[in-house]
Amino acid sequence: MAKAKVKEEKDPSLSLGSIWKEICRKQKVLMIMMIVLALMSVILLIFALTTLRPQSTVVIVGYGDVYGEIAGISGGYRRDSWLNMLAFPALAIIYGFVHNILVMRIYRKCGKDAAMVLVIATMLMILGTVVIMLRLLGEW
């Protein structure tokens, strides 16, 4: 007896390409917001890569009033290896790539409004990341 091979086909409505095409056709505002989100993350990535300072053995990698009080350091700045600053380029990639994929999945499951909330929240997180970087660099 020969076994019949059952070929499992993917539902084309769940692929990222089809979701993106639907967003482009039906939700122009969401599409524009997703593109702006990607551009903001590229700008954050460039900014983070240009401010890495690998020539320095120790850079300021964090700030916190609680840490400063515990460690007895004035101002609460925490110094460590410049490799810890690689978290910022990683965040830029996560914000730009992973969050846009999440937006498409949320759009498919929950609709436009929930997807817009995630896009706006991610944009605010990117702005917060830039502010944190500027404070750590001492430029703001």
Side-chain angles (χ1 to χ4, degrees):
M1 289 186 198
K3 287 188 176 181
K5 292 185 179 179
V6 178
K7 188 176 181 181
E8 194 174 303
E9 293 186 26
K10 287 179 129 180
D11 186 8
S13 66
L14 295 179
S15 72
L16 291 177
S18 65
I19 296 171
W20 176 248
K21 287 177 186 175
E22 181 180 335
I23 290 172
C24 290
R25 276 185 279 126
K26 296 180 179 178
Q27 306 295 334
K28 299 289 185 193
V29 175
L30 181 61
M31 178 191 70
I32 291 170
M33 295 291 282
M34 289 175 69
I35 292 170
V36 169
L37 172 63
L39 289 175
M40 286 176 69
S41 66
V42 167
I43 291 169
L44 175 63
L45 179 66
I46 292 169
F47 180 61
L49 289 175
T50 58
T51 59
L52 272 181
R53 299 180 186 168
Q55 69 278 7
S56 301
T57 56
V58 174
V59 296
I60 296 173
V61 296
Y63 177 83
D65 290 333
V66 174
Y67 178 79
E69 290 176 10
I70 293 171
I73 301 171
S74 64
Y77 287 100
R78 186 169 46 93
R79 291 163 179 74
D80 208 343
S81 170
W82 69 271
L83 288 172
N84 287 342
M85 295 297 279
L86 288 175
F88 292 108
L91 275 175
I93 293 169
I94 290 170
Y95 289 151
F97 182 70
V98 176
H99 280 224
N100 268 329
I101 291 174
L102 287 173
V103 166
M104 287 189 279
R105 292 291 186 188
I106 288 175
Y107 172 76
R108 171 58 67 198
K109 297 220 184 238
C110 302
K112 180 188 99 166
D113 293 334
M116 285 293 285
V117 167
L118 180 62
V119 170
I120 292 169
T122 304
M123 287 179 175
L124 291 174
M125 287 190 293
I126 289 174
L127 290 175
T129 304
V130 169
V131 168
I132 289 170
M133 286 185 67
L134 289 172
R135 292 208 49 195
L136 291 177
L137 295 170
E139 296 178 8
W140 197 46

Verify same cluster id: Val98, Leu118 (apolar side-chain graph, 4.5 Å): yes
Side chain to side chain donor-acceptor pair (under 3.5 Å): pairs with one or both residues in residues 93-102, sequence neighbours excluded: Tyr95-Thr129, His99-Thr122
Flag side-chain contact, heavy atom, 4.5 Å: Phe88 against Ile132: yes
Pair Arg105-Leu16, side chain to side chain contact (heavy atoms under 4.5 Å, CB included): steps then yes or no: CA-CA 8 Å; Arg105 292 291 186 188; Leu16 291 177; 3.9 Å; yes
Let me have the donor-acceptor pairs involving side chains of residues 24-47, under 3.5 Å, with sequence neighbours excluded, atom names and distances please.
residue : atom : partner : partner atom : Å
Lys28   : NZ   : Cys24   : O            : 2.7
Ser41   : OG   : Leu37   : O            : 3.4
Ser41   : OG   : Ala38   : O            : 2.7

Connected via hydrophobic side-chain network under 4.5 Å: Ile23 and Val117: no
Distance (rounded to the nearest 0.5 Å) between Leu136 CG and Asn84 CG: 11.0 Å
Minimum heavy-atom distance Ile106-Ala115, with the two atoms named: CG2-N, 3.7 Å
Tyr107 side chain reached by Leu102 side chain, heavy atoms, under 4.5 Å: no
